[in-house]
Each structure stands twice: as C-alpha cells, then as structure tokens.
Amino acid sequence: MLETEPQLKKEYIETGLVRVIYKHFPVPGHQHAPLAGIVAECAGQQGKFWRMHDRLFATQPEWARAQDARPVFDRLAQEIELDMAAYQSCLDDPRVAEKVQRDFDEGRRVGVRGTPNFIILKGQRGQFVPGAISYEQFKQVLDAILAAE
C-alpha cells in the first residue's frame, strides 16, 4: 500500500474522482490496536489524523510489542505537535472509544476480517477489495466502477 497510495491519491482522490472514508478495524489479537484507533481519532480532532495514522503504521513494530503502548503513542502525539492537554482529555473520552468500536462492528457486519480492506462504492454499485493490491489492480476496479452508469 505504501507504493499504491500516492498514485491513488494523485490520480483519484486529489482530482475529486474518489473520496476516502476511513474506518477503524482494530484487528483482534493486536492488543494495542483499539488504543491506536483512539489515538488517531484524538489526533484527528486537532486536524492531524493522517499524520498520526502514518506515524502509527510506521512505528507499529515498536508499539505492538510494547507491554504498555501509551508512552509510545504519547511520544508520537508530541512529535506531531498535538495540544497534549486536549489529546489526554480526548483519550479519556468514552465517545471516542465507542466510535472506534462502532467502526469495528460495522466492518464485521460487512465481512471484514483483517486489514487492509476497501469497499469501493458508486451509487448502488460497489466492490469489496480485501487486502493490499497493486495500483494497477486498484485502477481496474476504480475505473470499472466509475465508468458504470
């Protein structure tokens, strides 16, 4: 996905052909994944969701194996210059954890079992794309859906 995302962003998202709606799916068995989703949401409240998202994925080996991931997440929040008081308050807000859980539950209902997954929709037409695929594969799917009347 790291190679695919920039091309998709340039050719589909920035041109307005496609809109991305991110949903959390903290994979069961990844003990810190739910908190990572909350951390990303809290960064999003300060307009820095994607910066935190990218930092979380880049540092996943570090925080995934940590006994307590909170210090790692707090460091990332400082690195992207979040207002730490607002960040800490957000982490304690049960509504944020509920949002991450709702996203997870919605994913389960539509058949998501792992990450990444993509649901590409246009009107009543759509396609479920499980797993990371190449740019060329994404392009085929997107172009077919966009061309459909």
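Numbering of residues begins at 1 and proceeds along the displayed sequence. Keep in mind that what you see is a predicted model, and the values were worked out from it rather than measured.
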Just jot down the side-chain contact (heavy atoms from CB on, under 4.5 Å) partners of Pro34, sequence neighbours excluded, or say none.
Pro26

So if you build clusters from Ile, Leu, Val, Met, Phe, Trp, Tyr with side-chain heavy-atom gaps below 4.5 Å, do Tyr87 and Val100 land together?
yes

Does a side chain donor of either Ser134 or Gln137 reach within less than 3.5 Å of an acceptor in the other side chain?
yes

What's the shortest heavy-atom distance between Pro116 and Ala132, and which atoms?
CG-N, 3.7 Å

Going by an N to O cut-off under 4.0 Å, is there a salt bridge joining Glu81 and Arg51?
no

Output for pair (Gln46 CD, Leu82 CG), nearest 0.5 Å, gives 4.5 Å

Which heavy atom of Tyr12 sits nearest a heavy atom of Lys139, and at what distance?
OH-CG, 3.2 Å

Can Asp105 and Gln101 be counted as having a side-chain donor-acceptor contact under 3.5 angstrom?
yes

Is there a side-chain hydrogen bond (donor to acceptor under 3.5 Å, both in side chains) between Gln88 and Asp92? Walk through the geometry before answering.
CA-CA 7 Å; Gln88 296 295 338; Asp92 296 330; over 6 Å; no

Find out whether Leu91 and Val96 are in side-chain contact, i.e. whether some heavy atom of one side chain is under 4.5 Å from a heavy atom of the other.
no

Between CZ on residue Arg70 and CG on residue Leu35, distance to nearest 0.5 Å:
6.5 Å

Report yes if some heavy atom in the side chain of Ile21 is under 4.5 Å from a heavy atom in the side chain of Ile119; otherwise report no.
no

To the closest 0.5 Å, what do you measure between CZ (Phe25) and OG1 (Thr115)?
8.0 Å

Give me the atom names and distance for the closest heavy-atom approach of Ala66 to His32.
O-NE2, 2.7 Å

Pair Asp93 + Arg95, salt bridge at N-O below 4.0 Å
yes

How far apart are the C-alpha atoms of Ile133 and Thr4, what are their side-chain angles, what is the distance that settles it, and do they pass the side-chain contact (heavy atoms from CB on, under 4.5 Å) test?
CA-CA 8 Å; Ile133 60 174; Thr4 302; 6.0 Å; no

Smallest heavy-atom separation, Gln45 atom then Cys90 atom, equals OE1-SG, 3.5 Å

Measure the acute angle between the ring planes of His24 and Phe49, then classify it against the limits of 30° and 60° as parallel, tilted or perpendicular.
perpendicular

Got more than 12 heavy atoms from elsewhere within 6.0 Å of CD, Glu14?
yes

Check Leu146, Ile145, Val18 against Ile120 for a side chain to side chain contact (heavy atoms under 4.5 Å, CB included) and give me the one that passes.
Ile145

Closest non-hydrogen contact found for Pro28 with Arg108 is CG-NH2, 3.5 Å

Testing Gln7, Gln140, Glu11 one by one against Tyr135 for a side-chain hydrogen bond (donor to acceptor under 3.5 Å, both in side chains), which residue passes?
Glu11

Compare all side-chain heavy atoms of Leu76 with those of Val39 and state whether any distance is below 4.5 angstrom.
no

Same apolar cluster: Ile38 and Trp50, side chain cutoff 4.5 Å:
no

Is there side-chain contact between Pro61 and Arg65, with at least one heavy-atom pair below 4.5 Å?
yes

Phe118 and its ring-ring contact (aromatic ring centres under 6.0 Å, His included) partner, picked from Phe138, Tyr22, Phe128:
Phe138

According to a hydrophobic-cluster definition based on side-chain heavy atoms being under 4.5 Å apart (Ile, Leu, Val, Met, Phe, Trp, Tyr only), do Met52 and Met84 belong together?
yes

To the nearest 0.5 Å, tell me how far Lys99 NZ sits from Lys23 NZ.
5.5 Å

Would Val27 and Leu56 show up in the same hydrophobic cluster when neighbours are defined by side-chain heavy atoms closer than 4.5 Å?
no

Should Glu79 and Arg75 count as an ion pair when the cut-off is N to O under 4.0 Å?
yes

Do Val72 and Phe57 land in one hydrophobic cluster if side-chain heavy atoms of ILVMFWY residues count as linked below 4.5 Å?
no

